[in-house]
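Read through the structure below, which is laid out as structure tokens, and then see the notes.
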Amino acid sequence: MIIAEASASGKIILFGEHAVVYGVPAIAVPVTTLRTTVTVETAPQGRGLTIHIPDTHTSLAVSLSDTPDHKNSLFYTLHLTLQTLNITTPPDLTFTIESTIPVGAGLGSGAAVSAALARALSQALGTPLNNDDLNPIVYEVEKIHHGTPSGIDNTVIVYEQPIIYTKGQPIETFIPTVSFQLLVVDVGHRTPTHITVGEVRQLYEADPLRYTAIFEAIRHIVQDARYAINDADWPQLGSLMNENHRMLQQLTVSDEKTDHLCEVARQAGAYGAKLSGGGRGGNLIVLVSPDHQASVQQQLIKAGADRVFLTQVGN
Ligand code: PMV
């Protein structure tokens with residue numbers, strides 16, 4: 001019998017990735033149409049915790065003593081949740097995890113699984129975690145995937161609202177006065193985020209002045225983007241996306257195919273395009289008016305994009 005069900009959304013970063021690691025604000029939004037859902041059933045007494053992942057035909061008997069050394073993010077999530085709830089004896093529960101968020105694509109699949117799993121466990125135990133208590137758990141688990149994450153992914157996913165995120169600062173959420181749509185484009189290959197983040201770190205350490213200047217330029221772009229979103233000024237927002245992309249090129253986190261697809265989108269009539277997230281593949285985002293959507297999408301697929309979907313920012 002299902003006793004609890006919880007879910008969490010995917011996410012995209014609109015502005016400020018990488019610079020956010022160095023204290024610059026960044027803007028991120030949830031992608032509510034992509035979700036991870038976790039259902040919980042009671043298990044026979046003494047069975048402990050079990051996780052089923054039907055998509056990968058996986059069934060795992062959860063070993064809590066293995067955490068966190070074994071770096072199993074699912075076990076670690078359950079461990080931290082029980083710890084937060086002050087529960088020392090693991091209950092007998094079976095979890096089923098289902099997700100429509102592509103894995104490893106910079107869409108927040110890892111953080112969404114952690115958030116949904118922790119929510120589901122706490123609900124099943126009758127003590128649902130609030131978002132303020134859930135966020136640090138998901139952040140801790142994110143460290144397994146990303147090494148030294150800024151905290152933006154877990155925050156936007158846990159609160160499931162558009163956010164302006166500054167490391168170490170209180171969370172600022174916003175609702176666009178006018179909603180808008182973005183195309184999210186899968187470039188077709190991926191680079192783990194910790195690799196590009198590590199390379200930017202090396203560049204920064206070798207020449208702090210040069211890279212601080214780039215981060216500061218991104219800070220201004222993020223600031224202007226907030227005004228453009230507020231004013232519903234789409235041509236301006238698009239041109240800020242292009243500018244942010246140029247800064248990401250200077251941080252060396254773009255690549256030929258990502259640049260090419262951004263250019264194809266612009267040529268096909270988009271207001272602007274930029275990579276989103278860790279870079280060197282993964283996803284790019286494109287701001288386009290409704291009358292250009294279909295043709296931009298078509299051109300992107302023709303130019304080699306793996307998948308293009310539409311997401312809405314705001315209600
Ligand atoms: O690759 P993603 O979408 O998880 O984005 C990571 C964002 C970075 O700014 C590159 C790293 C971070 O921890 O903020």
Side-chain angles (χ1 to χ4, degrees), residues 8-31 34 36 73 99 101-115 135-136 138-160 162-169 171-172 182 184-204 211-212 214-219 221-222 225 241 244-245 247-255 258 274-285 307 309 311 313:
S9 74
K11 70 96 211 329
I12 43 171
I13 298 177
L14 300 192
F15 289 93
E17 53 276 272
H18 286 287
V20 69
V21 175
Y22 298 81
V24 169
I27 304 176
V29 298
V31 178
L34 298 178
T36 297
S73 55
S99 186
I101 309 174
V103 176
L107 293 167
S109 62
V113 169
S114 305
N135 201 23
V138 182
Y139 177 68
E140 276 310 304
V141 180
E142 278 292 281
K143 289 183 184 168
I144 294 178
H145 303 294
H146 290 317
T148 52
S150 66
I152 191 168
D153 284 14
N154 48 287
T155 305
V156 65
I157 283 169
V158 164
Y159 292 90
E160 209 174 313
I163 59 166
I164 295 151
Y165 179 81
T166 313
K167 213 165 104 175
Q169 300 286 318
I171 297 145
E172 204 182 324
L182 292 167
V184 181
V185 183
D186 189 334
V187 174
H189 60 273
R190 325 208 181 294
T191 303
T193 297
H194 68 90
I195 293 194
T196 53
V197 169
E199 287 179 17
V200 172
R201 170 71 58 190
Q202 280 177 4
L203 291 170
Y204 168 76
Y211 288 90
T212 301
I214 297 174
F215 299 144
E216 287 309 302
I218 294 174
R219 183 191 295 279
I221 293 169
V222 172
M241 286 167 68
N244 195 162
H245 186 77
M247 294 301 144
L248 290 163
Q249 286 174 317
Q250 291 192 32
L251 294 178
T252 73
V253 297
S254 191
D255 62 13
T258 308
K274 67 179 278 293
L275 74 80
S276 171
R280 301 244 182 86
N283 280 284
L284 53 101
I285 51 173
R307 177 181 47 93
F309 71 87
T311 189
V313 181

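Indexing begins at 1, ligand by ligand and atom by atom, following the structure's order. Values below: every heavy atom of this structure, side chains too, minus hydrogens, waters and symmetry copies.
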Check: Going from CD1 on Ile152 to CD1 on Ile13, what distance comes out if it is rounded to the nearest 0.5 angstrom?
Finding: 4.5 Å
Item checked: Protein heavy atom at shortest distance from atom 9 (O) of ligand 1 -> His18 N, 2.8 Å
Checklist line | Nearest atoms (heavy-atom pairs only) where Lys274 meets Leu14 | finding: NZ-O, 3.0 Å
Notebook entry, point to check: Can you name the closest pair of heavy atoms from Leu107 and Arg307 and give their distance?
Noted result: CD1-NH2, 4.1 Å
Next item on the list: Return the residue, atom name and 0.1 Å-rounded distance of the protein heavy atom closest to atom 4 (O) of ligand 1.
Entry: Asp153 OD2, 2.7 Å
Check: Of all the atoms in ligand 1, which lie at a distance below 4.0 Å from a heavy atom belonging to Ile152?
Finding: 14 (O)
Check: If we only count heavy atoms from C-beta on, is the Ile157 to Val138 side-chain gap below 4.5 Å?
Finding: no
Checklist line | atom 1 (O) of ligand 1: the protein heavy-atom neighbour that sits closest, reported with distance to 0.1 Å | finding: Thr193 OG1, 2.6 Å
Check: Between the side chains of Asn283 and Asp186, does any donor sit under 3.5 Å from an acceptor?
Finding: no
Margin query: Below the 3.5 angstrom mark, is there an N/O of Val197, backbone or side chain, next to an N/O of ligand 1?
Written below: no
Margin query: Are Met241 and Ile285 packed together at the side-chain level, in the sense that at least one heavy-atom pair is separated by less than 4.5 angstrom?
Written below: yes
Next item on the list: Rounded to the nearest 0.5 Å, what's the gap from CZ on Phe215 to OH on Tyr204? Could you check?
Entry: 7.5 Å
Next item on the list: Determine whether the side chain, the backbone, both or neither of Ile13 has a heavy atom under 4.0 Å from any heavy atom of ligand 1.
Entry: side chain
Next item on the list: Would you mind checking which non-hydrogen protein atom is closest to atom 12 (C) of ligand 1, with the distance to 0.1 Å?
Entry: Ser150 OG, 3.3 Å
Note to self: Give the atom numbers and elements of ligand 1 that come within less than 4.0 Å of a heavy atom of Val20.
What the structure shows: 9 (O), 14 (O)
Next item on the list: Please report which non-hydrogen protein atom sits nearest to atom 3 (O) of ligand 1, along with the residue it belongs to and the distance in Å to one decimal place.
Entry: Lys11 NZ, 2.8 Å
